[in-house]
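Data first, discussion second: the structure below is written as structure tokens.
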Amino acid sequence: MKALSTLAQSVRASTTMAIDTQFKKMRAEGIDVIGFSVGEPDFPTPEHIKQAGIRAIENDQTKYTPTPGTLALRQAVRKRLQEDWGLDYTTEEIVVSGGGKPILYVALKTLLNPGDEVILPAPYWVSYYELIKMAGGVPVVVETTEASGFNLTPQQLRQAITPKTKALILNSPSNPTGMIYSRAHLEAIAQVCVEADLYVIADEMYSKLVFDGKEFVSFPSLSQAVKERTILVSGASKTYAMTGWRIGFAAAGREIVQVMSNYLSHSLSGTCSIAQAAAEEAFGGSQAEIEAMRRAFEVRRDYLYQRMSAIPGVHPVRSEATFYMLMNLEELIGRTLYGVEIRDADDFANVFLREGLVAVVPCTGFGAPHYVRWSFAVSMENIKEGLDRLEKFLTNA
Ligand SMILES: Cc1ncc(COP(=O)(O)O)c(C=O)c1O
């Protein structure tokens, strides 16, 4: 048989899968393991949102919808962006699809010609790298440092630009670092993007999960010139505990949205009508419950950070947002734990699961091989137990 597509075959399965598979296998065998790898809120979807989905079924809202999303949903998204960040988009400048991931894929397909470069600050969310490749682009990874709060500096950005650079992916708040960019920093980054004529994909999926009263600044809100070159990506998944409903959206200039919509019309097509009705309630209805979830994440973040700070051999990176926290392993690199030489986060995560009975995400595939990611979208009880186990694991090593 003829060979499969070279491009498709170059796509790697998620590197987090290996640990996850092992974790699930151990649990199925009845072993008492605890997982901190989840990328979704542990709360149920708020009741008023679920009811909107139920009503949609009962009212026979079960037919095809327009490719870019129902007008009612796009109006609700428009209102949310206006109220939250003062952004002024028309409904023709908003497109909905089945989650943030497909939106990112179509956004990249819309921007890139084969061989175009996309600047990707590391640590990065694992899927960006593969999505850029899948869209025919070339990821250009720029390492950021813990000392700079994992923020890409304007100088680093300038140095990474070549005649082939088409876009920058900016993920604030960031998965996996939990960091956000300040207004001043974003302005400096934006200036470089305008000067160099770059598009920016601003993934603001976690923008409502910010702690300590910190200011979150939406990238396109900086100026009209910045808004014109930005594709804002967000969705319902993380904010409203709606990961399974599959609703994401982009807001951008009319031409970009039109091309994205054309592309979608022949591929993913319109989004589930029932999920759209529920998301309309999420974006357009009461926002009270999301504050309760945000607050619960903040309390857990405080606990995780404080306790982990006191454990010798590792140190946590205090996240400012999201429900993730990185743990720095540099002191353990080169040491032997339970007969295993720790060369990187994969080695650590494997032995921690086997001997410590705790699953965390090694950030090797996130461009951060000396860090593991703990999700605190798990119960406080499990967080306490997980940290007890970390302490014991390191003390007995
Ligand atoms: C930074 C970031 N962007 C986008 C997504 C995709 O979200 P969705 O589940 O809506 O596809 C995720 C999910 O983990 C994410 O962490």
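Whatever order the structure lists them in is the order used to number ligands and atoms, beginning at 1.
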* To do: Please determine if Lys384 and Glu381 form a salt bridge, counting it only when a charged side-chain N lies under 4.0 Å from a carboxylate O.
  => no
* To do: Check whether any side-chain heavy atom of Glu117 sits under 4.5 Å from a side-chain heavy atom of Thr162, and report yes or no.
  => yes
* Using distance alone, determine whether Thr243 and ligand 1 share an N or O pair under 3.5 Å. => no
* Asked: Less than 4.0 Å between a side-chain N and a carboxylate O, is that true for Lys25 and Glu29?
  -> yes
* With a cut-off of 4.0 Å, which atoms of ligand 1 are near a heavy atom of Gly99? -> 10 (O), 11 (O)
* Any idea which protein heavy atom is nearest atom 5 (C) of ligand 1, and the distance to it? -> Trp125 CH2, 3.4 Å
* Salt-bridge criterion met for Asp388 and Arg307 (N-O under 4.0 Å) -> yes
* To do: Starting from atom 2 (C) of ligand 1, locate the nearest protein heavy atom and write down its residue, its atom name and how far away it is, to 0.1 Å.
  => Asp203 OD2, 3.4 Å
* Are any of the N/O atoms in Asn175 less than 3.5 Å from those in ligand 1? -> yes
* Asked: Atom CD1 of Ile180 and atom OG1 of Thr322: how far apart are they, to the nearest 0.5 Å?
  -> 10.0 Å
* Taking the inter-plane angle between the rings of Tyr124 and Tyr129 on a 0 to 90° scale, is it parallel (under 30°), tilted (30 to 60°) or perpendicular (over 60°)? -> parallel
* To do: Considering only non-hydrogen protein atoms, determine which one is nearest to atom 8 (P) of ligand 1 and report residue, atom name and distance to 0.1 Å.
  => Gly100 N, 3.4 Å
* Could you tell me whether Asn171 and ligand 1 have an N or O pair separated by under 3.5 Å? => no
* Taking only heavy atoms of Tyr128 into account, list the atoms of ligand 1 that are under 4.0 Å away from them. => 1 (C)
* Asked: Between Phe211 and Phe376, how do the two ring planes meet: parallel, tilted or perpendicular, split at 30° and 60°?
  -> tilted
* Look at atom 9 (O) of ligand 1 and find which of Lys238, Arg246, Lys101 reaches it with the closest heavy atom. => Arg246
* Using a strict cut-off of less than 4.0 Å between a Lys/Arg side-chain nitrogen and an Asp/Glu carboxylate oxygen, indicate whether Arg55 and Glu58 qualify as a salt bridge. => no
* Asked: Relative to the heavy atoms of Ser237, which atoms of ligand 1 are at a distance of less than 4.0 Å?
  -> 8 (P), 9 (O), 10 (O)
* **atom 7 (O) of ligand 1 - nearest protein heavy atom and its distance** => Met205 CE, 3.5 Å
